[in-house]
Amino acid sequence: MSYEFSTIIEPFRIHSVEPLRMTTPERRRAAIGEAGYNLFSLHADDVLIDLLTDSGTGAMSRDQWAAIQHGDESYAGSPSWFRFEAAVKDLFPFRHVIPTHQGRAAEKILFTAVGGPGRVVPSNTHFDTTRANVEATGAEAVDLVIAEGLDPSSLHPFKGNMDLEALDGLLRERGADVPVVMVTITNNSGGGQPVSLENLRGISAICRRHGVPLFLDACRFAENAWFIHEREAGQGDRDVADIVREIAGLADGMTMSAKKDPFGNIGGWLALNDDDLAERCRNLLILTEGFPTYGGLAGRDLEALAQGLSEAVSHDYLRYRIRSTTYLGDALDRAGVPVVKPIGGHAVYLDARALLPHIAPLAYPGQALAVALYEAGGVRSVEIGSVMFGRHPDGSEHPAPLELVRLAIPRRTYTQSHIDYVIEVVTAVACDAQSLRGYQMVYEPPALRHFTARFEPLG
Ligand code: F0G
């Protein structure tokens, strides 16, 4: 007799634990006031369940900690570097791998080399640091996600896809000004939504026809490949690692934050095929990050990432990972909380515009919701809306296309009971949505304002 069970089992057991600190609503109200109502400014000790980001916050495995003991800290030519390079090339067989301390350092190097005034860089949706690094060179960052990607209720299975006609049109008109096309897998700013293999093949064909290189922003490549495995016709029998290698083969290079799918607490890389561009990038690397066999990383970090990369493509892990994110999203959906659907890979995105129609976009409904979740239950999330994307390089402020609050799930870190608690907190706050009020920004820095802005409640 063989049975089928539906309970999601974490494919690991707990080997070392970290305490969580319980706080009171009074303490949390005081803490968020002192933080200028910006969740980035809290002391993490004052947070009970931290869903601010899935970046660098995952639990490393026993085998990663063991690999750390093999870290060789030679300045040049460390064996740890060669292990790391081999692990990267096993999945992403680009000619050159350039290690960096995290993803945005790879972006900074790439766009310093290829950006500049008059240039335009299309993507499905640029992540905030990618957009900022493109714009910092004077170039223009353009988002070309399909229309369904901007509709929180559309059930399209690959809402991260790029609009191929729009890409072709842009390259026909301004191809000479486009140094690279980027594609973010999964599309973080658009709801953690995947890009299909078919779309990636289409993007690649258009780029090749116009002679423009294609770069992946591949932070969540394994989750994206799992969605392809699960949702795309003809892909269900393939090994995820094999799908990843095909995706890499469609591109000419990649930027990577190894703080996501590769289970690093720190790390990243830039990889590419073009020899001349690689040399220019390596020279920039030496200026800012370090020698090309360690970048901004210690030998032990390189070891942890090499091991993490092999764990990231495990089918048991990915099945658990995607199903447990869906568990949170489906429970909120059933409770009537508006969420971006289908549920993404690394996070559940609450639709603050739908939940708080009485708060104007530039009174920041997402920020109001994120603050309320913290005050109510000590749950830290992040606004992805007009606070993050409302300010433009010309100084103007416009509402962002979506007002979202992201509940990002650190990898292998929280159990199902933590998530059940989050479901209770979000549902309780949503039931009281009418009582929430907007915010005004009383301080903002010149770029990436969401990290350090300060707010005051309105009315
Ligand atoms: N690209 C994407 C799609 C990202 O999600 C991130 C980081 C980066 C690039 C930059 O990488 O942080 O290593 O410099 N995302 C984190 C987040 C911060 O919370 O989504 P980094």
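Numbering of residues begins at 1 and proceeds along the displayed sequence. Read the numbers this way: they start at 1 and go in the same order the structure lists the ligands and their atoms.
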- [ ] Tell me, please, whether Phe92 has Arg245 positioned over its six-membered ring: NZ or CZ under 6.0 Å from the ring centre and within 45 degrees of its axis?
- [x]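 Judged by the rule (NZ or CZ under 6.0 Å from the ring centre, within 45° of its axis), Arg245 is not positioned above Phe92.
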Task: Protein residues having a heavy atom less than 4.0 Å from any atom of ligand 1 - done: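 Residues near ligand 1: Thr53, Ser55, Gln102, Gly103, Arg104, Glu107, Phe127, Thr129, Thr184, Asn188, Asp217, Cys219, Arg220, Ser257, Lys259, Lys260, Arg406.
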Under 3.5 Å donor-acceptor, [X] side chain and [Y] backbone:
X: Glu107; Y: Thr130; result: yes
X: Glu383; Y: Met388; result: yes
X: Lys159; Y: Pro194; result: no

Task: Point-to-point distance, once rounded to the nearest 0.5 Å, from CG of Asp72 to CZ of Arg83 - done: 12.5 Å
Task: Partner set under ring-ring contact (aromatic ring centres under 6.0 Å, His included) for Phe94, not counting sequence neighbours - done: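 So Phe94 forms no ring-ring contact (aromatic ring centres under 6.0 Å, His included) with any residue.
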